[in-house]
Protein chains: 2
Amino acid sequence: MNGIKQPELMVEEDRLLIKKALEVVCGKWRLFILLHLAEKTRRYSELRRLLPDVSEKVLIQELKALVQLGVLEKESFNEVPPRVEYRLSDRGKAVMPLLLQIKEIGRYFL
Amino acid sequence: MNGIKQPELMVEEDRLLIKKALEVVCGKWRLFILLHLAEKTRRYSELRRLLPDVSEKVLIQELKALVQLGVLEKESFNEVPPRVEYRLSDRGKAVMPLLLQIKEIGRYFL
DNA sequence: TCAGTTACAAACCAGTAGGTTAGTGGCGTG
DNA sequence: CACGCCACTAACCTACTGGTTTGTAACTGA
């Protein structure tokens, strides 16, 4: 309590932190979506074109999940044709340095 | 070719790197296994005790996968009762700093 | 004999991730 | 009319992940 970290408490906290972080980064397309939004805000259709191998359904699903996690922000415009934009939230931006490190890790194992 | 990175080549490389790295870190128990081996070499039974919530089958499965990926090394001893030890490979050790960063990322989203 | 130690494997199952297909709606153009 | 633009949704499907249960083997001690 007085500055002493109890091993079990620390391990449990680690666990929650790791679990939550993995929720953000794991998934076939997640990081690629983030990569494409790192540069700038984009509309759904732009992401579709940048990631041609993702199914429409999955892309939307992923975007929705990432918005719910607080990684992305979605802005809808009252326009026709429909216009929706996605951008990294501030928290989402914090994931970018991790992305670089993930790539470095990939180098060791490829 | 002459120092000019072609966008598509770079994106494809990123993709493979990210895909491979995610193979290493994603999975319900993977990072926790690595966490417990960060400190020292351990036997299977020790890991079981340290990770009581993983099923035997899954723990073995994960250890096997991590060995195949080159993250862990497994050493069998010709003893009874059977004695098998797992330790981080050199490449596996390179994952540890990422683990710290992953925890930091978790803080943003918890 | 049984129960304990150790480290696995096989068979089966439920839930989930990623995918295909068909559909929605409003507007503009040929 | 059909097709294009845009951004979704629902229904259905397959493969995979994590899990439960049952089993293997050798040795030791009560």
Side-chain angles (χ1 to χ4, degrees), chain A residues 15-16 18-37 40-69 71-87 102, chain B residues 15-16 18-37 40-69 71-88:
Chain A
R15 192 164 169 173
L16 292 173
I18 289 172
K19 188 165 181 278
K20 179 56 71 173
L22 292 183
E23 262 184 81
V24 171
V25 306
C26 294
K28 188 170 178 181
W29 302 109
R30 254 176 212 203
L31 291 184
F32 304 118
I33 292 170
L34 296 187
L35 242 186
H36 285 297
L37 288 172
K40 62 172 189 175
T41 293
R42 296 183 196 268
R43 327 176 45 152
Y44 165 78
S45 51
E46 200 178 349
L47 288 168
R48 280 231 73 218
R49 277 188 288 272
L50 290 168
L51 291 160
D53 299 325
V54 201
S55 75
E56 232 175 286
K57 176 245 181 177
V58 169
L59 180 53
I60 288 165
Q61 189 171 274
E62 289 296 286
L63 288 168
K64 187 170 180 179
L66 287 166
V67 167
Q68 278 185 336
L69 279 167
V71 185
L72 299 185
E73 284 167 353
K74 172 183 176 179
E75 188 173 0
S76 300
F77 299 81
N78 196 19
E79 290 177 21
V80 171
R83 177 171 158 215
V84 174
E85 291 184 348
Y86 295 89
R87 64 175 173 264
I102 281 184
Chain B
R15 193 165 167 172
L16 292 174
I18 289 171
K19 187 163 181 281
K20 179 56 72 173
L22 293 183
E23 262 184 82
V24 172
V25 306
C26 295
K28 187 169 176 181
W29 302 110
R30 249 169 219 207
L31 292 184
F32 304 118
I33 293 171
L34 297 186
L35 243 186
H36 285 297
L37 288 171
K40 62 173 188 175
T41 292
R42 296 184 196 268
R43 324 176 48 151
Y44 165 77
S45 50
E46 200 179 350
L47 287 169
R48 281 232 68 220
R49 277 188 287 272
L50 289 168
L51 290 161
D53 298 327
V54 202
S55 77
E56 233 175 282
K57 177 245 179 178
V58 169
L59 180 53
I60 288 164
Q61 189 171 275
E62 288 296 289
L63 289 168
K64 186 170 181 181
L66 287 166
V67 167
Q68 277 183 337
L69 279 167
V71 184
L72 300 185
E73 284 167 354
K74 171 182 175 179
E75 188 173 1
S76 300
F77 298 81
N78 196 18
E79 290 176 23
V80 171
R83 177 172 158 215
V84 173
E85 291 184 347
Y86 294 90
R87 65 175 171 267
L88 286 182

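Proteins get letters first, then strands, A, B, ... in listed order; numbering begins at 1 in each.
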Determine: side-chain N/O of [X] to OP1/OP2 of [N], distance under 4.0 Å, yes or no.
{"X": "B:S45", "N": "C:dT6", "result": "yes"}
{"X": "B:W29", "N": "D:dT17", "result": "no"}
{"X": "B:R49", "N": "C:dT6", "result": "yes"}
{"X": "B:K74", "N": "C:dC8", "result": "yes"}
{"X": "B:R43", "N": "C:dA7", "result": "yes"}
{"X": "A:Y44", "N": "D:dC5", "result": "no"}
{"X": "A:R48", "N": "D:dA7", "result": "no"}

Given atom [atom1] of [X] and atom [atom2] of [N], what is their separation to the nearest angstrom?
{"X": "A:I60", "N": "D:dC6", "atom1": "CD1", "atom2": "P", "answer": "13 Å"}
{"X": "A:R83", "N": "D:dC8", "atom1": "CZ", "atom2": "C1'", "answer": "17 Å"}
{"X": "A:F77", "N": "D:dC8", "atom1": "CZ", "atom2": "P", "answer": "12 Å"}
{"X": "B:L51", "N": "D:dG19", "atom1": "CG", "atom2": "P", "answer": "11 Å"}
{"X": "A:E23", "N": "D:dT17", "atom1": "CD", "atom2": "P", "answer": "18 Å"}
{"X": "B:L59", "N": "C:dT6", "atom1": "CG", "atom2": "C1'", "answer": "14 Å"}
{"X": "B:E56", "N": "D:dG23", "atom1": "CD", "atom2": "P", "answer": "15 Å"}
{"X": "B:K28", "N": "C:dA17", "atom1": "NZ", "atom2": "C1'", "answer": "16 Å"}

**Request:** Go through D:dC6, C:dT6, C:dG19 for me and flag the one nearest to the A:V58 side chain.
**Result:**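 Output: C:dG19.
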**Item:** Given C:dG25, C:dA7, D:dC8, the nucleotide with the shortest approach to the side chain of A:Y86
**Value:**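 Taking heavy atoms from C-beta onward, the closest nucleotide is D:dC8.
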**Request:** Would you mind classifying the nucleic acid contact of B:E62 as base, sugar-phosphate or nothing, using non-hydrogen atoms under 4.0 angstrom?
**Result:**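 Sugar-phosphate: the residue B:E62, judged by heavy atoms under 4.0 Å, touches backbone atoms but no base.
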**Message:** By the 4.0 Å heavy-atom rule, please label A:V84 as base, sugar-phosphate, or nothing.
**Reply:**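 Counting heavy atoms under 4.0 Å across all strands, the contact made by A:V84 is with sugar-phosphate only.
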Salt bridge flag under 4.0 Å for residues [X] and [Y]:
{"X": "B:R42", "Y": "B:E85", "value": "no"}
{"X": "B:K20", "Y": "B:E23", "value": "yes"}
{"X": "B:R48", "Y": "B:D53", "value": "no"}

**Request:** Run the numbers on A:V54 and A:L47 for side chain to side chain contact (heavy atoms under 4.5 Å, CB included), then give the verdict.
**Result:** CA-CA 10 Å; A:V54 201; A:L47 288 168; over 6 Å; no
**Prompt:** Strictly by modelled atom types, are B:Q61 and B:K57 linked by a side-chain donor-acceptor pair under 3.5 Å?
**Reply:**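 Note: B:Q61 and B:K57 side chains meet the donor-acceptor criterion.
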**Request:** Look at the side chain of A:E79 and the base of D:dC6, then say whether one donor and one acceptor between them are separated by less than 3.5 Å.
**Result:**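 No.
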**Item:** Partner of A:R30 under side chain to side chain contact (heavy atoms under 4.5 Å, CB included), chosen from A:V25, A:L69, A:V24, A:L35
**Value:**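 Answer after filtering A:V25, A:L69, A:V24, A:L35: A:L69.
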**Prompt:** So which one's nearest nucleotide on DNA chain C is more toward 5', A:K57 or B:L63?
**Reply:**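 It is B:L63, whose closest nucleotide lies nearer the 5' terminus.
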**Asked** When you match A:C26 and A:V80 each to their closest nucleotide on DNA chain C, which lands nearer the 5' end?
**Response**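 In this pair, the answer is A:C26.
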